[in-house]
Amino acid sequence: MSFFYISDDATLDGAEYCEDVVVLVTGGELDYAASPQLSERLADHVNAGERRVVVDLSKVSFIDSTAIGVLVGAAMRMRELGGGSLAAICAEENRRVLRIFEIAGVDGVIALYRSREEAVSALATAG
């Protein structure tokens, strides 16, 4: 059995707060079993009109292609509904997760940042 959690997080560890950017924090294993919950949470935000979403993967120990597909699907849906952006955070030290993003080749759809401050700042100034 894998462990997974997801929560909304408005604290930005010293970054300037931006109310137009939603931050979701995930941890544990983002796999086939966790993907429906991740998909539901992202859909809730997209359906509520949020168009700038950051998914913090700093505490994720594993991510599979199903979860990558959920992230890509949410990013594409936001773009279809009005030019939104989805970004992910993954620290350089988390090579296992970074490698999966690299293999998936989704950098044209999901911007990957090394810190929450960097991701929120980029999305806050986008479009």
Side-chain angles (χ1 to χ4, degrees):
M1 179 177 210
S2 62
F3 170 75
F4 163 75
Y5 70 87
I6 185 167
S7 67
D8 294 345
D9 189 356
T11 61
L12 299 178
D13 299 329
E16 186 174 325
Y17 175 76
C18 179
E19 64 185 46
D20 293 335
V21 178
V22 172
V23 178
L24 297 176
V25 179
T26 63
E29 297 183 6
L30 282 176
D31 57 13
Y32 179 79
S35 291
Q37 185 180 354
L38 177 63
S39 179
E40 183 179 322
R41 183 62 67 90
L42 286 167
D44 288 346
H45 285 289
V46 172
N47 293 337
E50 302 293 345
R51 295 295 175 261
R52 296 177 185 166
V53 178
V54 173
V55 180
D56 189 338
L57 304 172
S58 299
K59 303 292 184 189
V60 170
S61 58
F62 173 79
I63 190 168
D64 72 3
S65 60
T66 308
I68 296 284
V70 166
L71 294 173
V72 168
M76 298 302 288
R77 183 76 175 135
M78 282 189 282
R79 287 183 182 176
E80 290 171 7
L81 293 174
S85 298
L86 185 135
I89 302 164
C90 188
E92 189 69 40
E93 302 80 44
N94 198 344
R95 297 194 189 282
R96 188 174 183 187
V97 172
L98 287 171
R99 180 71 180 134
I100 300 301
F101 269 91
E102 189 177 293
I103 291 168
V106 297
D107 58 330
V109 180
I110 301 170
L112 195 59
Y113 296 95
R114 301 295 181 237
S115 72
R116 191 179 300 186
E117 296 83 6
E118 183 183 348
V120 170
S121 177
L123 262 60
T125 59

Looking at every heavy atom in both M78 and R52, which two are closest together, and how far apart are they?
SD-N, 4.4 Å
Does M76 reach the side chain of V109, with side-chain heavy atoms less than 4.5 Å apart?
yes
Any side-chain heavy atom of V21 within less than 4.5 Å of one from V54?
yes
Any residue meeting side chain to side chain contact (heavy atoms under 4.5 Å, CB included) with R96, in chain and number order, not counting sequence neighbours
F62, N94
Per-pair distances, 0.1 Å, donor-acceptor, side chain in residues 38-49, under 3.5 Å, sequence neighbours excluded:
{"residue": "R41", "atom": "NH1", "partner": "D8", "partner atom": "OD1", "Å": "3.4"}
{"residue": "H45", "atom": "NE2", "partner": "D8", "partner atom": "OD1", "Å": "3.2"}
{"residue": "N47", "atom": "ND2", "partner": "A43", "partner atom": "O", "Å": "3.2"}

Using the rule side-chain contact (heavy atoms from CB on, under 4.5 Å), only one of V120, V25, L24, T26 pairs with D56; which is it?
V25
Rounded to the nearest 0.5 Å, what's the gap from OG on S58 to CD1 on I89? Could you check?
5.5 Å
Going by heavy atoms in the side chains, are R116 and V23 under 4.5 Å from each other?
yes
Closest heavy-atom pair and its distance - P36, Y32
CD-O, 3.3 Å
Are S35 and L30 close enough, and set up right, to give a side chain to side chain contact (heavy atoms under 4.5 Å, CB included), and what steps lead you there?
CA-CA 6 Å; S35 291; L30 282 176; 5.9 Å; no
Please round to the nearest 0.5 Å and tell me the distance separating atom CZ of R79 and atom CZ of R51.
13.0 Å
Calculate, to the nearest 0.5 Å, the distance between atoms CG and OG belonging to D31 and S61 respectively.
9.0 Å
Listed partners of I68 passing side chain to side chain contact (heavy atoms under 4.5 Å, CB included), at least two apart:
I63, V72, I100, F101, A104, V106
Approximate separation, where rounding is to 0.5 Å, of R99 CZ and C90 SG
13.5 Å
Test item: R114 and L112 side chains (from C-beta on) under 4.5 Å apart, heavy atoms
yes
Evaluate the side chain to side chain contact (heavy atoms under 4.5 Å, CB included) criterion for residues E118 and L123: first the C-alpha distance (whole Å), next the side-chain angles of each, then the deciding distance (0.1 Å), finally the verdict.
CA-CA 9 Å; E118 183 183 348; L123 262 60; over 6 Å; no
